[in-house]
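Have a look at the structure below, then the notes.
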Amino acid sequence: MRSLELLHNEDTMFTPNPPADLFSGVSKKSNDSVRLIITTIMGMVFGYFIGVSFPSVSLSKIGLPSSIISSFDVAFNDNRHRHVSDHIPETRVSTDTAPPKIYVPTNPRGAESLPPGIVVSETDLYLRRLWGEPSEDLKKKPKYLVTFTVGLDQRNNIDAAVKKFSEDFQILLFHYDGRTSEWDQFEWSQRAVHVSVRKQTKWWYAKRFLHPDIVAAYDYIFIWDEDLGVEHFNAEKYIQLVKKYGLEISQPGLEPNNGLTWQMTKRRGDREVHKVTEERPGWCSDPHLPPCAAFVEIMAPVFSREAWRCVWHMIQNDLVHGWGLDLALRRCVEPAHEKIGVVDSQWIVHQVIPSLGNQGKQEDGKAPWQGVRERCKSEWAQFQKRLADADQAYLSQIGKG
């Protein structure tokens, strides 16, 4: 009986007409599989968007084994490269087969093969953002450039001077002592341009960083020392007077009792501007020539854009102190005795702080400042000789020497 019953059960198991609840079990398993697949796909998509939405995290900080980290790095970097590549603008990919053959002899030297419309031969010192539209970077473009050659010891004096200049003036500091970060104590320092090279003079900096094509955006360029008192100076009024009297090269008048070398730069209390003076007997062969006229000193000169383009070319690379340059400035404007002058009503005080001399080196028993002073005098003589030789060479070239 048990054998027949077992056979009956086996026949039942292999019957071609299975019961309905068997279909129900198969259907349930199929639904579970589909649900699992859909859940897995959704998880992958969600994880992808989470991954690209947050900054990358250094796996080395998590403490995973190095073998696992390297595998992650390869996969991540490869995916990141593809992701960035997908966002490169189509305009970055050239569709031209070859650029046209161009030769424009009037372009700047070296740029003759470029179309004139793409050539940018001049620049500026405007500070720009790293984001947004370039056309929206500048709320206001400075019209004038003010440079100081500074050491940190004179920071309070420079702070007082900078505050005399409005947002119309771009500030540029040349640091001869290599200390720049300490200037961040002043709020305006964040908007200034800083150039740091140790133990150099302002004319060394000017020759290398104030090329006329770099400062072409500025109507006037101030190239000032660090030891100037500005209590009686107003920058906007100074610019107004320079324009009013047509001065291409100028300086503020100097307080008569402090650091005065030449009568020409002595402040006159009865006028706004003066262009001529009387010097010691025998000093001026012509009343229209330096030092009686067409003359300012090199401690606080102000140049128009056009005048600076000429003066820059006259600065010698190796004669870094600029001595003798003041007597030759008249070569860059015409008529010089009309376009070079001293602004009396906006005056300054020369504090005569020997900071530059202290940057020298003690040699042969001489103090550092003595070596610097000797070089200044030597450079003056060399500059005069070079200028005279250049004049003679030119006259000989045109048959008049």
Side-chain angles (χ1 to χ4, degrees), residues 87-89 91-92 107-108 110-111 114-150 155 158-175 179-197 202 205-224 226 228 230 233-244 247-250 252 300-312 343 346:
H87 289 79
I88 295 178
T91 54
R92 290 284 300 274
N107 276 359
L114 298 177
I118 200 62
V119 174
V120 181
S121 59
E122 299 175 344
T123 186
D124 54 64
L125 297 171
Y126 302 150
L127 301 182
R128 293 185 174 275
R129 307 175 300 177
L130 305 185
W131 65 93
E133 288 295 324
S135 60
E136 299 174 356
D137 283 348
L138 304 174
K139 295 181 180 179
K140 188 174 186 178
K141 292 184 178 180
K143 300 177 183 177
Y144 319 109
L145 178 66
V146 181
T147 76
F148 294 97
T149 301
V150 303
R155 59 189 177 277
I158 293 298
D159 178 48
V162 168
K163 289 177 179 177
K164 289 287 185 174
F165 297 92
S166 69
E167 292 183 355
D168 281 332
F169 297 80
Q170 174 72 58
I171 303 299
L172 168 58
L173 299 187
F174 296 124
H175 299 269
R179 303 174 68 180
T180 58
S181 59
E182 291 92 336
W183 290 83
D184 286 346
Q185 64 185 281
F186 303 115
E187 182 272 336
W188 52 263
S189 179
Q190 303 295 325
R191 302 186 302 275
V193 178
H194 298 263
V195 175
S196 177
V197 184
K202 74 175 180 181
Y205 292 113
K207 186 65 174 179
R208 288 149 183 84
F209 299 103
L210 299 182
H211 186 281
D213 288 343
I214 293 178
V215 300
Y218 307 101
D219 294 340
Y220 294 93
I221 300 99
F222 294 61
I223 304 181
W224 282 18
E226 63 180 338
L228 304 176
V230 293
F233 178 80
N234 181 288
E236 276 76 13
K237 291 182 179 179
Y238 185 91
I239 293 294
Q240 292 172 6
L241 291 170
V242 163
K243 293 179 178 179
K244 176 181 176 180
L247 299 179
E248 297 290 325
I249 302 175
S250 65
V302 180
F303 302 95
S304 70
R305 181 193 300 109
E306 294 75 15
W308 177 246
R309 184 169 289 276
C310 171
V311 172
W312 182 89
V343 179
Q346 300 302 317

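Only this structure's heavy atoms are used, side chains among them; waters, hydrogens and symmetry mates stay out.
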Does any part of the side chain of [Y], heavy atoms only, come nearer than 4.5 Å to the side chain of [X], both counted from C-beta?
X: Glu167; Y: Lys139; result: no
X: Ile158; Y: Trp188; result: yes
X: Tyr220; Y: Arg305; result: no
X: Lys164; Y: Asn234; result: no
X: Val343; Y: Val302; result: no

Exercise for review: Would you confirm whether the ring centroid of Tyr238 sits within less than 6.0 angstrom of the ring centroid of Phe233?
Suggested key: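 Aromatic pair counts; centres sit under 6.0 Å.
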
Practice item. Would you check if the distance from the ring center of Phe165 to the ring center of Tyr144 is below 6.0 Å? Key: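 No, too far apart.
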
Does [X] reach the main-chain N or O of [Y] with its side chain, forming a donor-acceptor pair under 3.5 Å?
X: Gln346; Y: Pro252; value: no
X: Ser196; Y: Phe174; value: no
X: Trp308; Y: Val215; value: no
X: Lys202; Y: Ile223; value: yes
X: Trp224; Y: Ala300; value: yes
X: Lys143; Y: Tyr218; value: no

Exercise for review: Walk me through it: do Gln170 and Val146 pass the test side chain to side chain contact (heavy atoms under 4.5 Å, CB included)?
Suggested key: CA-CA 6 Å; Gln170 174 72 58; Val146 181; over 6 Å; no

Check your understanding: What's the shortest heavy-atom distance between Ser250 and Val242, and which atoms?
Key ->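 Of all heavy-atom pairs spanning Ser250 and Val242, the closest is OG-CG2, 3.6 Å.
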
Check your understanding: If you take all heavy atoms of Phe169 and Pro142, which pair is closest and at what distance?
Key ->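 Shortest heavy-atom contact: C-CB, 4.1 Å.
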
Check your understanding: Taking the six-membered ring for Trp, are Trp183 and Phe186 parallel (under 30°), tilted (30 to 60°) or perpendicular (over 60°)?
Key ->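 Correct class here is tilted.
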
Check your understanding: In terms of side-chain geometry, is the basic nitrogen of Asp159 or Lys163 positioned less than 4.0 Å from the acidic oxygen of its partner?
Key ->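 Between Lys163 and Asp159 there is a salt bridge, with a charged N closer than 4.0 Å to a carboxylate O.
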
Exercise for review: Would you check, one step at a time, whether the test side chain to side chain contact (heavy atoms under 4.5 Å, CB included) holds for Glu226 with Thr149?
Suggested key: CA-CA 6 Å; Glu226 63 180 338; Thr149 301; over 6 Å; no

